[in-house]
There are 2 protein chains.
Amino acid sequence: MGLAKTEIFTDKQNEIALFAKAFGHPARVSILQYLFKIDSCVCGDIVNEIGLAQPTISQHLKELKQLGLIQGNVEGTSVCYCINKEKWAAMKAILTDFLNQGHSIKPTCC
Amino acid sequence: MGLAKTEIFTDKQNEIALFAKAFGHPARVSILQYLFKIDSCVCGDIVNEIGLAQPTISQHLKELKQLGLIQGNVEGTSVCYCINKEKWAAMKAILTDFLNQGHSIKPTCC
DNA sequence: TTGTTTGATTGCAATATTACGATAATTAAT
DNA sequence: ATTAATTATCGTAATATTGCAATCAAACAA
């Protein structure tokens, strides 16, 4: 089907999955790393940085923006993107929580 | 195309994306959480815990196993799964590193 | 106005993912 | 040997994702 049955999972589980999908593609990983590296608005540089066509980058940026992880501001003919640090922190908290499950001292069993 | 151009990204970027995809679906999030909660081998319980058909669960388990995040051991007619804590720790290190980017005190710009 | 630049959108093709019924494979029990 | 229990695999359908050429839209410059 290609369609996840989100209704049988908790909101938290769906949220974790959604955020994880955001950087479940190397292009988006690369975009986010670049924005962090620059640590300010990036206007028009992104397509040249990543080796993908402009419409493809635009699409990845749209996804990241819809999730709120980045924001874009129009500056003349160009659009400047940057990390939304508040949202990033919120996501980090949720995913870190998930990654830190299982504090037991038990070794891997079996 | 539906085919990620992995060759233009670094191994690290591809690795982050691969791990992120592992829990980019709520069913796999749910499976992993369940295995952590039990904190031992789970033999045959998983299909009843998650509301998906047996072949679907089997497929998700296979993906997690291929990544090394879980391991399955045959016990009679059933298979017992558990978290591979070493691999989990390795993944956690990689993803935590990614999530902790951007320590600058600058607020979100723009 | 006309052109230029930049980024978004549209349309499409190819591949990937998700889900499940049917069936196979394995082991244990009778 | 049969049967039951459990999980894996196959086949298939539906939807999602990725990527790009072509095009559109907005803002600026001449």
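Because the structure is a prediction, the values reported are computed rather than measured. Every chain is numbered from 1 and lettered A, B, ... according to where its sequence line falls, protein lines coming before strand lines. The basis for the numbers below is simple: all heavy atoms, side chains too, and nothing from hydrogens, waters or symmetry mates.
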* **Integer-rounded Å distance: C:dA8 P and A:Leu61 CG** => 7 Å

* Asked: For DNA chain C, whose closest nucleotide is more 5', that of A:Thr77 or that of B:Val74?
  -> A:Thr77

* Asked: Within this structure, what is the CD1-to-P distance between B:Ile31 and C:dA19, rounded to whole angstrom?
  -> 10 Å

* Per A:Leu52 side chain, nearest of listed nucleotides C:dT10, C:dC20, D:dG19 -> D:dG19

* Any donor-acceptor pair under 3.5 Å linking the side chain of A:His103 with the backbone of A:Asn100? -> yes

* To do: Would you mind telling me which of D:dT7, C:dA22, D:dG19 lies closest to the side-chain atoms of A:Thr56?
  => D:dG19

* To do: May I have the distance from A:His25 (atom NE2) to D:dA16 (atom P), rounded to whole angstrom?
  => 17 Å

* **Donor + acceptor pair across side chains of A:Tyr81, A:Asn73 (<3.5 Å)** => no

* Please evaluate the base of C:dA8 for a donor-acceptor partner in the side chain of A:Gln59 within a cut-off of under 3.5 Å? => no

* **Selected nucleotide, minimal atom distance to A:Val79 side chain, candidates D:dT7, C:dG7, C:dC20** => C:dG7

* To do: Round to a whole Å and report the spacing from CD of A:Glu49 to C1' of C:dT6.
  => 17 Å

* Asked: From the list C:dG21, C:dT15, C:dG7, which nucleotide is the closest neighbour of the side chain of B:Pro55?
  -> C:dG21

* **Residue B:Ser58, side-chain heavy atoms: nucleotide from C:dA19, D:dA8, C:dA16 that is nearest** => D:dA8

* Asked: If each of B:Gly51 and A:Asp45 is mapped to the nucleotide of DNA chain C with the nearest heavy atom, which maps nearer the 5' terminus, i.e. the 5' end?
  -> A:Asp45

* Separation of B:Ile57 atom CD1 from C:dA19 atom P, in whole Å? -> 9 Å

* For C:dT6, take OP1 and OP2 only and decide whether either is under 4.0 Å from a side-chain N or O of A:Tyr81. => no

* **Shortest side-chain distance from A:Lys5, nucleotide among C:dT6, D:dC20, C:dA19** => C:dA19

* Can you check whether A:Thr10's main-chain N or O pairs, donor with acceptor, with A:Gln13's side chain at less than 3.5 Å? -> yes

* Tell me which of A:His60 and A:Ala4 sits closer to the 5' end of DNA chain D, going by the nucleotide each one is nearest to. => A:Ala4

* Rounded interatomic separation in angstrom, taking CG from B:Leu64 and P from D:dA8 -> 12 Å

* Structure fact -> Taken to the nearest whole Å, CD/B:Gln66 to P/C:dT17 is 11 Å

* Structure fact -> Rounded to whole Å, the CD-C1' distance (B:Glu63 to C:dA19) equals 12 Å

* B:Lys21 near the nucleic acid: base, sugar-phosphate alone, or nothing, with a heavy-atom cut-off under 4.0 Å? -> sugar-phosphate

* Asked: So B:Cys41 and B:Cys82, disulfide bond (SG atoms under 2.5 Å apart) or not? Walk me through it.
  -> CA-CA 5 Å; B:Cys41 285; B:Cys82 59; 4.1 Å; no

* Distance (rounded to the nearest 0.5 Å) between A:Arg28 CZ and A:Leu64 CG -> 6.5 Å

